[in-house]
Amino acid sequence: MELIDGETLQHAMKRGRAFSPADAVRIGLELAGAIGAVHDVGLLHRDVKPHNIMLARCVGVVLMDFGTGHDARTGEPPALSGTPLYLAPELLAGRPPSVSSDIYSVGVVLFYLLT
């Protein structure tokens, strides 16, 4: 496992770090690039949340913890998984995960970051 010097987005927020709109744009762009790379190889993350986003001191945003990930090319994923607060509504309704459900979770993270 790679050692990353930094802290999770969740930890930064819990200790009171405020994020400006410009910070949110930068983090959002880097996170979109990371999730786009994941999707480009046919994977779904399925648990995008501040706990799984590292603010690395040297490289920027790192998307971590693919424990609930799924290869979208291999058929049906395992049962519903992820953190309910960040899950897309269609997942809670019993539909399968998709690229859109990961993107929804990114949007929830950014909303949380700004509010």
Side-chain angles (χ1 to χ4, degrees):
M1 183 185 306
E2 181 180 2
L3 174 63
I4 299 172
D5 183 25
E7 65 183 338
T8 66
L9 184 56
Q10 178 69 20
H11 185 259
M13 295 170 79
K14 283 216 182 260
R15 66 176 180 78
R17 180 174 169 190
F19 292 90
S20 70
D23 292 331
V25 167
R26 181 187 55 78
I27 291 168
L29 288 171
E30 290 185 41
L31 185 54
I35 202 71
V38 169
H39 293 158
D40 284 347
V41 296
L43 301 176
L44 299 174
H45 188 280
R46 300 182 64 208
D47 198 19
V48 177
K49 61 184 179 181
H51 302 77
N52 292 337
I53 300 166
M54 186 70 125
L55 302 175
R57 297 195 205 302
C58 294
V59 296
V61 172
V62 176
L63 184 60
M64 307 183 310
D65 192 358
F66 285 78
T68 60
H70 172 69
D71 187 338
R73 301 164 296 183
T74 62
E76 285 297 308
L80 178 66
S81 64
T83 304
L85 183 61
Y86 299 93
L87 290 178
E90 64 270 16
L91 298 178
L92 298 172
R95 292 198 295 275
S98 67
V99 167
S100 296
S101 52
D102 273 353
I103 293 170
Y104 177 90
S105 297
V106 169
V108 174
V109 167
L110 294 175
F111 177 80
Y112 181 50
L113 184 67
L114 288 170
T115 59

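In this text, all values refer to a predicted model and were calculated from it rather than measured experimentally.
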For residues 106-115, which residue pairs pass the salt bridge (Lys or Arg N to Asp or Glu O under 4.0 Å) check, not counting sequence neighbours?
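As it turns out, there is no salt bridge (Lys or Arg N to Asp or Glu O under 4.0 Å) pair with a partner in residues 106-115 once direct neighbours are skipped.
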
Under the side chain to side chain donor-acceptor pair (under 3.5 Å) rule, what pairs show up with a residue in residues 31-40, not counting sequence neighbours?
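Sorted result for residues 31-40: His39-Asp102.
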
Rounded to the nearest 0.5 Å, how far does [atom2] of [Y] lie from [atom1] of [X]?
X: Asn52; Y: Leu63; atom1: CG; atom2: CG; value: 7.0 Å
X: Leu9; Y: Met54; atom1: CG; atom2: CE; value: 11.0 Å
X: Ser98; Y: Leu91; atom1: OG; atom2: CG; value: 7.0 Å

Side chain to side chain donor-acceptor pair (under 3.5 Å) partners of Ser20, counting only residues at least two apart:
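Result, side chain to side chain donor-acceptor pair (under 3.5 Å) vs Ser20: Asp23.
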
Note, Lys49 side chain near Asp47 side chain (heavy atom, < 4.5 Å)
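Counting from C-beta outward, Lys49 and Asp47 do come under 4.5 Å.
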
Just wondering, do Thr8 and Leu55 contact through their side chains at under 4.5 Å, heavy atoms?
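A side-chain contact is absent here, since even the closest heavy-atom pair is not under 4.5 Å.
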
Under 3.5 Å donor-acceptor pairs involving side-chain atoms of residues 28-37, not counting sequence neighbours:
residue : atom : partner : partner atom : Å
Glu30   : OE1  : Val61   : N            : 2.7
Glu30   : OE2  : Arg26   : NH1          : 3.4

Only pairs under 3.5 Å count here: list side-chain donor-acceptor contacts from residues 104-113, not counting sequence neighbours, and write none if there are none.
residue : atom : partner : partner atom : Å
Ser105  : OG   : Tyr86   : O            : 2.6
Ser105  : OG   : Ser101  : O            : 3.2

Mind checking side chain to side chain contact (heavy atoms under 4.5 Å, CB included) for Arg15 and listing every partner two or more places apart, or none if nothing turns up?
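Side chain to side chain contact (heavy atoms under 4.5 Å, CB included) check on Arg15 returns Glu7, His11, Arg17.
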
